[in-house]
There are 2 protein chains.
Amino acid sequence: MNAPPRAGHVAPEGYDPGAFEPFAVTVDLAVFTVRDALLHVLLVQRGEEPYRGRWALPGGFLRPRESAEAAARRELAEETGLGGGTAGALHLEQLATYSDPGRDPRMRVVSVAYAALVPDLPEPRGGGDAARAGWTPLAQARRLAFDHDRILADAHDRVGAKLEYTGLATAFCPPEFTLGELQQVYETVWGVALDRPNFRRKVLATPEFVTPARGGRRRTGGRGKPAVLYRAGDAAALHPPLLRPEGPTP
Amino acid sequence: MNAPPRAGHVAPEGYDPGAFEPFAVTVDLAVFTVRDALLHVLLVQRGEEPYRGRWALPGGFLRPRESAEAAARRELAEETGLGGGTAGALHLEQLATYSDPGRDPRMRVVSVAYAALVPDLPEPRGGGDAARAGWTPLAQARRLAFDHDRILADAHDRVGAKLEYTGLATAFCPPEFTLGELQQVYETVWGVALDRPNFRRKVLATPEFVTPARGGRRRTGGRGKPAVLYRAGDAAALHPPLLRPEGPTP
DNA sequence: CGAATAGTGTCTATTAGACACTATTGC
DNA sequence: GCAATAGTGTCTAATAGACACTATTCG
């Protein structure tokens, strides 16, 4: 009754073409930014069937000799209109892989989803092309093509969780930023208000989370007292984590 | 200089077969268990080239109408020799997808890796077959085939992290377990000793982490005072998290 | 001046960690 | 008794959260 254990990957004999099904493999990107105290996501409008006219996450096929990460980085550069150098520095994080048969009505497509966190950028748009693209407030990103509603929800969850125990929030900020701007990232992604003095204390108490930038000061939002500028530190993980208030299932 | 934005997934015209490369898609499983206070992983010995004779993570190709999760669950049932009913209840967690070109010398293979957490099971082995399979202490799982060393390391990291903020540790335990057994899971996965009274206090203070089982008592390891038995609760996330001692980069 | 943001200090309730002590079982 | 594990209690240092207060800038 038990199937015998089989070694990994091995097709019955020397790559028997019948032993596996060919799949198309794509990447899908949930590119987030914080703009006007709202979390925005980059969407493109589909110009082809299926789901013609619907909004979707940007993405595309893996090229023959390209890893999923490389494909994601290439797509990100294309969609945001940033040159390779800039886009190469952006934070990209593999989320999950979606493989339900039937998630694409045309054919069997397995998609590796990535989340990207970018500072507030100019509107995407290189050549004025058929497909439109633009930043959409997360609350209005609904009824996307394919299973992209779910991918986007998963991406939001993951980013929110990662802010707790990594220094990821700095990826939403420009190279130099104020603590007020950093706090706004947390408040926007989590949708809660944080106590400023306590936030400040915790951030500064975490080694390598942020380091002071030399010289400058800047006003957050153009008003009030200018704040000291910081740069992202080397900390990958925050110890202790910066836990969000309240319970697990709001 | 900028490529124009393109809508997701769309091949240039109606599924142009040249627009994408066909890939083989597999799942690889890192199946963990705690046995004799050591973390063990299930490995199979390869009977074919490449890497003939080397140990590898169990896994296999996706079937035509099967999701990666379904394939992983099927492989898990096959490799552990558990019937579908039992295996269906086991904890499976998608880890990451590995897609480097050249990770398999034969052809382009994209692999979705899963971690599975199972209680201490009898030795795998259904029919006495060519390929051997067995539980290996994690420390001795070295020089695996393909990129499985890396997958296994990533899996261990992820499981360790998930113990902090989810109730996952109960997946390593039988349906009814003592707090001593649960603590042993944490100590084994993290490789640290925990203070028993404090561990107990935190676990019991977390709502829905564990619930008392009716009636029974049992000795952890056959010695000492019999302990009250608990069952896994409904808590998916632990609030507050059960953080592991010490710093981020040991 | 008032609005707005930055930055500092402080008080208190809670929590984490250390650890002493008792309880129950098998041998 | 001794070894081994379960279970309880308690002390103290550290932390989190609330919040009062001062500082600096613009208009």
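Throughout, protein chains are lettered first and strands after them, A, B, ... in sequence-line order, and every chain is numbered starting at 1.
- A donor-acceptor contact under 3.5 angstrom links the side chains of A:Y98 and A:D154, judged on distance only.
- Of the possible donor and acceptor atoms, one in the side chain of B:T33 sits under 3.5 Å from a partner among the backbone N and O of B:D120.
- Remark: P of C:dT15 and CG of B:L242 are 14 Å apart, rounded to the nearest angstrom.
- Within residues 186-207 of chain A, the residues that place at least one heavy atom under 4.0 Å from DNA chain C are, in residue-number order, A:R196, A:P197, A:R200.
- Counting only distance, with no hydrogens or angles, the side chain of B:E187 and the backbone of B:L194 share a donor-acceptor pair below 3.5 Å.
- Between the CG atom of B:L179 and the C1' atom of D:dA4 there is a distance of 17 Å, rounded to whole Å.
- Taking 4.5 Å as the limit, every side-chain heavy atom of B:K162 sits out of range of all side-chain heavy atoms of B:V159.
- Rounded to an integer number of Å, the gap from CD of A:Q184 to C1' of C:dA4 is 13 Å.
- For B:E181 and D:dT5, the CD to P distance is 12 Å, given to the nearest whole Å.
- Using a 4.5 Å cut-off on side-chain heavy atoms (C-beta onward), B:V210 and B:L204 make contact.
- One interatomic measurement links the two molecules: CG of A:L229 to C1' of C:dA6, which rounds to 12 Å at whole-angstrom precision.
- For B:D28 (side chain) and B:A113 (main-chain N/O), no donor-acceptor pair under 3.5 Å exists by modelled atom type.
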Could you write nucleotides 22-27 of chain D as a row of B, S and -, 5' to 3', where a protein heavy atom under 4.0 Å of any base atom gives B, of only sugar-phosphate atoms gives S, and otherwise -?
-> -BBB--
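- Minimum heavy-atom separation, B:P58 to B:L42: CD-O, 3.3 Å.
- Rounded to whole angstrom, the span from the CZ atom of B:R218 across to the P atom of C:dG26 amounts to 16 Å.
- Within the structure, salt bridge (Lys or Arg N to Asp or Glu O under 4.0 Å) pairs that include any residue of residues 219-241 of chain A comprise A:E176-A:R231 (at least two apart or interchain).
- Enclosure of atom CZ in A:R150 is not indicated, since only 12 or fewer non-hydrogen atoms of other residues, nucleotides or ligands lie within 6.0 angstrom.
- Rounded to whole Å, the distance from CG on A:L243 to P on C:dA16 is 11 Å.
- For the pair A:T220 and C:dA6, the criterion of a side-chain N or O lying under 4.0 Å from OP1 or OP2 is met.
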